[in-house]
Chemist: 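Below: one structure in structure tokens.
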Amino acid sequence: MFLDLKNYTPPPEPPPSRGPEPLTPRQQKAVAWIVGLNIILLFIAPIGGATVISGLLEFFK
């Protein structure tokens, strides 16, 4: 097959991106709460997991 590219026009260039919009104070507060909760759970979850594992080990003894 033959492809004729003589009448080819390149697509227009996309507009430059401005970057992400800054967070509003309400969004900043929500992100802070989410990060804080995740940090707290980072320390609580292993303790709870260890309790469950030790309980299962005692159950199957």
Chemist: If you link I, L, V, M, F, W and Y whenever their side-chain heavy atoms are under 4.5 Å apart, who else ends up in the same group as Leu41?
Modeler: Leu37
Chemist: Considering only residues two or more places apart or on different chains, which pairs with a residue in residues 12-22 satisfy side-chain hydrogen bond (donor to acceptor under 3.5 Å, both in side chains)?
Modeler: Arg18-Glu21
Chemist: Among Leu42, Ile34, Ile40, which residue meets the side chain to side chain contact (heavy atoms under 4.5 Å, CB included) test with Asn38?
Modeler: Ile34
Chemist: Mind checking side-chain contact (heavy atoms from CB on, under 4.5 Å) for Thr24 and listing every partner two or more places apart, or none if nothing turns up?
Modeler: Arg26, Gln27
Chemist: Hydrophobic clusters join Ile, Leu, Val, Met, Phe, Trp and Tyr when side-chain heavy atoms are under 4.5 Å apart, directly or via other members; which others share one with Trp33?
Modeler: none
Chemist: List for me each residue that meets side-chain contact (heavy atoms from CB on, under 4.5 Å) alongside Ile39, sequence neighbours excluded, and say none if there are none.
Modeler: Val35, Phe43
Chemist: Enumerate donor-acceptor pairs with a distance under 3.5 Å from any side-chain N or O in residues 44-61 to protein atoms, sequence neighbours excluded.
Modeler:
{"unit_1": "Thr51", "atom_1": "OG1", "unit_2": "Ile47", "atom_2": "O", "d": "2.9"}
{"unit_1": "Ser54", "atom_1": "OG", "unit_2": "Ala50", "atom_2": "O", "d": "3.2"}
{"unit_1": "Ser54", "atom_1": "OG", "unit_2": "Thr51", "atom_2": "O", "d": "3.0"}

